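See structure below.
Not measured: the values here are computed from a predicted model. In what follows, every chain begins at residue 1, and chains take the letters A, B, ... in the order their sequences are listed.
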Amino acid sequence: MKKIFTLLKINLNLNFGISALKYRFTREKKKRWEPVLVVLGIIAGVCSMTALYSLMMLGVFNTGLALNQPEIVLTVAFLFGQLMVLIFGIFYVMSMLFFANDLNILVPLPLKPYEVLGSKLAVVMVNEYMTLLPVLLPPVIIYGVGMKQHFFYWVKAIALVLVSPVIPLILDAIFLLVIMRFINVRKNKDLFAILGGIIGILFAVGINVITQRMPKGNEEEFIRNLLLGNIELIELIGSKFPPSIWVTRALSQAGISGVLYLLLFIAVSAFMFVVLMWLANRIFYKGLLAGQEVSRKRKKLTTNEADRQFSRVTSPVVTIFWREWKIIVRTPIYLLNGLSGIIVAPMIIVVMLVSQKSGDMKELFELINQPGAQMVLTLIAIGVVLFTAGMNLVASTAVSREGRTFWISKIIPVSPKQQVMGKFLNSFSVALLGVIIMSVVMAILLELPVIRFIVIVVIGAACSVATTALNLLIDVLRPKLVWNNPQEAMKQNMNGLLGMLISFAIMAILTAAAVPMAVAKLPEWIIYGTVLLICVALSVLSLLGLFAVAEKSYHKLEM
Amino acid sequence: MINITGLSKSYNKGSVKAVDNLNMHINHGEIFGFLGPNGAGKTTTIKMMIGLLNPDSGSIIINGHDIQKNPLDAKRSIGYVPDNPDVYDRLTGIEYLNFMADVYEVPADIRKERIKYFLDIFNLSDAASDLIKSYSHGMKQKIVITGALIHDPAVWILDEPMVGLDPKSAHLLKELMRKHCDKGNTVFFSTHVLEVAEKLCDRIGIIHKGKLIAVGTMDELRQGDSAGSLENIFLELTEK
Ligand SMILES: Nc1ncnc2c1ncn2[C@@H]1O[C@H](COP(=O)(O)OP(=O)(O)OP(=O)(O)O)[C@@H](O)[C@H]1O
Ligand SMILES: [Mg+2]
């Protein structure tokens with residue numbers, strides 16, 4: 001047991017980067033503001049989401065109250081929370097149990113499989129609380145306050161909230177243990193990373209579509225209808241996944257029967273935990289060790305092929321351009337985040353606009369047939385194109401992505417200016433691809449003529465030069481080179497956020513220039529001309545800035 | 001060929017003095033072995049020689065070019081192998097070598113010949129079209145060595161190059177080093193294997209706590225100490 005706690009301590013330390021934070025606060029004093037800023041950002045984000053969600057839950061509670069079933073809010077919340085843990089937990093548990101880098105260190109240590117698995121799972125659980133607490137606490141509080149519950153309710157509630165992720169996570173873990181025993185998932189790690197990413201995006205789109213559909217001002221009624229329409233469904237799912245029903249009864253029934261349901265819930269959780277540990281000791285390491293391989297061809301190069309490969313001589317800038325492309329395309333996380341703007345964003349736009357053809361956006365589509373509206377539609381299309389281009393993370397992580405291999409960039413006899421040029425061209429080609437695809441989508445959806453399509457592409461491209469250069473500039477100035485998996489380089493990188501902010505600032509400038517002119521009814525070409533001119537000016541300035549700092553900044557970076 | 005004068009470097013704002021006023025001169029045609037206990041400052045020195053770290057003070061001249069004032073020319077004459085073979089996991093061996101050949105601007109026929117030669121002697125031909133991700137530690141090490149030597153640099157700077165190589169590959173590398181120096185070029189490498197240093201090196205430098213405490217040929221090092229073997233000399237010198 002002591003071993004588990006030691007392991008747990010180390011895992012939690014790594015998980016939250018506690019030692020690294022300490023080092024940062026005591027040794028590298030200048031970067032102190034960074035974690036503070038991140039935490040503030042997260043708090044702000046979570047608060048606004050939670051506020052919206054709490055309102056929805058209040059609606060559910062009121063509807064339930066009217067139906068004389070106020071506890072439905074608890075069922076809905078716990079069902080939702082536990083399902084969320086079940087679905088997202090799969091990928092999380094999988095990466096923790098089977099793909100984590102430190103497994104190669106842990107496995108040879110004199111530890112029982114269940115100790116390793118238990119400590120890893122506990123870390124997952126602690127992390128799940130972060131997403132689960134905002135989901136469960138509002139409804140628990142709403143119900144407790146709304147039904148004027150007494151002290152004992154709150155004690156039961158705390159226990160249930162804390163235990164709630166156990167069952168879904170253990171189900172995930174058991175499922176994975178069995179699967180891993182038979183299928184070599186590790187070999188297809190990349191595939192699973194992509195799958196996880198896509199499910200995440202679909203989830204986000206789903207939430208988006210639902211919130212889009214919520215009529216403004218009538219949220220309560222909307223939720224009421226949604227709930228009434230789905231009450232059977234909820235009960236059905238509840239009966240297939242009884243723990244949420246037990247939770248509901250444990251909380252809503254007073255006296256001894258409430259306590260019994262509470263005990264039942266805890267007992268089942270504990271029992272499943274024992275089963276998992278038993279299973280872990282038998283098959284965890286077998287599944288883990290089964291396939292630690294990367295697929296490989298192992299075919300001998302034929303002379304012909306080799307000749308062709310070697311005679312492809314290109315200039316340093318071009319070779320850097322292609323290196324970046326190859327690495328992006330072959331690393332799932334980069335592909336997903338870098339190219340999502342190109343493929344996923346247009347898809348979301350299509351789904352949203354098409355599903356809205358009758359809803360709020362009806363007026364927008366009615367505009368299509370009106371004579372004077374073409375200009376407004378073109379400006380809207382430009383806005384959408386620039387927005388998706390601005391979400392792109394390729395430029396703002398271009399240097400960070402090199403990570404530990406950055407030494408190569410430091411020793412090759414290619415000037416930082418040229419290296420940055422290669423990176424710029426690469427990021428710009430990604431952005432340009434996004435601009436073109438998005439412009440095609442918008443032009444078709446809004447039924448714009450070819451000439452307008454060209455205007456959209458040209459302005460989108462010109463603006464992308466500026467945003468790409470500025471995003472790259474940020475990453476050249478302060479790249480994050482120390483990371484252990486690509487996820488950290490892309491997603492846990494402040495530069496991505498800063499880059500987006502800058503892109504949106506540029507959009508704000510362009511909007512501020514275009515809207516007054518449109519309102520003043522100036523000729524169209526003057527508006528486009530001015531916007532284009534601003535873009536070109538910004539592009540020239542930011543490119544000059546980028547190349548001005550490249551040399552010095554690369555020199556300063558030590559490995 | 002390599003001229004180091006008054007080189008110093010400290011980490012963490014001066015609290016750790018890793019290299020302290022180092023002076024070294026390495027001649028044409030010389031294999032120079034750089035020895036020292038763990039944490040003595042070998043890797044730090046090497047990283048400054050190739051421009052990965054910026055010295056606090058002092059200068060480094062490689063093949064007539066100052067690495068700080070004229071970095072591109074200096075880098076063109078260096079082949080560097082780091083102590084850890086961290087390379088682009090998601091490129092194939094061939095792609096990596098072609099990348100290196102491109103950035104060093106090696107013409108097509110020469111790169112073809114050299115890549116084939118190295119893949120052949122290092123037994124990597126079969127794996128060359130696989131992703132580097134799938135390589136063993138030693139295979140990675142060999143692909144990095146190949147990439148570093150592809151432009152036939154005059155000065156080789158190698159940080160513990162033998163670690164992880166099988167006996168045959170290590171032997172090959174030693175032979176390559178000897179041949180290279182016989183042509184009037186220079187090899188500078190760090191190692192912990194004293195037998196290799198003793199047999200292979202023309203001159204040896206020993207660094208301890210950032211300071212160069214001994215430098216010279218085996219004969220010169222032996223003087224004043226009858227015991228003789230490099231091991232004894234090393235242990236005695238680094239006692240304090
Ligand atoms: N990035 C760093 N930050 C802080 N201190 C460092 C860093 N890198 C090295 N040091 C310190 O500098 C000193 C010299 O380290 P260096 O890596 O040069 O030793 P070395 O001679 O190569 O050792 P080894 O034989 O173990 O490779 C050590 O005291 C080490 O702790
Ligand atoms: Mg070292």
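Contact annotation: the side chain of Arg111(B) approaches that of Val313(A) to within less than 4.5 Å [non-hydrogen atoms, C-beta and beyond]. You'll find the side chain of Trp322(A) stays beyond 4.5 Å of the side chain of Asp102(B), heavy atoms only. Between Lys133(B) and Arg330(A) the shortest side-chain heavy-atom distance does not fall below 4.5 Å.
Contacts with chain B were tallied for Leu557(A), Val414(A), Ile320(A), Thr314(A); Thr314(A) has the most, counting heavy-atom pairs under 4.5 Å. The most heavy-atom pairs under 4.5 Å with chain A, out of Ile78(B), Val103(B), Asn54(B), come from Asn54(B). Ranked by heavy-atom pairs shorter than 4.5 Å toward chain A, the options Val106(B), Asp89(B), Leu91(B), Ile50(B) are led by Leu91(B). The choice from Leu52(B), Leu72(B), Val87(B) that makes the most heavy-atom pairs within less than 4.5 Å of chain A is Leu52(B).
Residue Leu53(B) holds its CG atom at 8.0 Å from NZ of Lys410(A), rounded to the nearest 0.5 Å. Distance check: Ile408(A) CD1 to Tyr88(B) OH gives 4.0 Å after rounding to the nearest 0.5 Å. One finds the OG1 atom of Thr44(B) at 10.0 Å from the CD atom of Glu558(A) (value rounded to the nearest 0.5 Å). Between the CE atom of Met49(B) and the CD1 atom of Ile411(A) there is a distance of 13.5 Å, given to the nearest 0.5 Å. Atom CD in Glu95(B) sits 9.5 Å away from atom CD1 in Ile327(A) (nearest 0.5 Å).
For Met1(B), the CE atom is densely surrounded, since the number of other residues' heavy atoms within 6.0 Å is greater than 12. Around NZ of Lys326(A), the count of heavy atoms belonging to other residues, nucleotides or ligands within 6.0 Å exceeds 12.
Trp407(A) places no side-chain N or O within donor-acceptor distance of the main-chain N or O of Lys47(B), the cut-off being under 3.5 Å.
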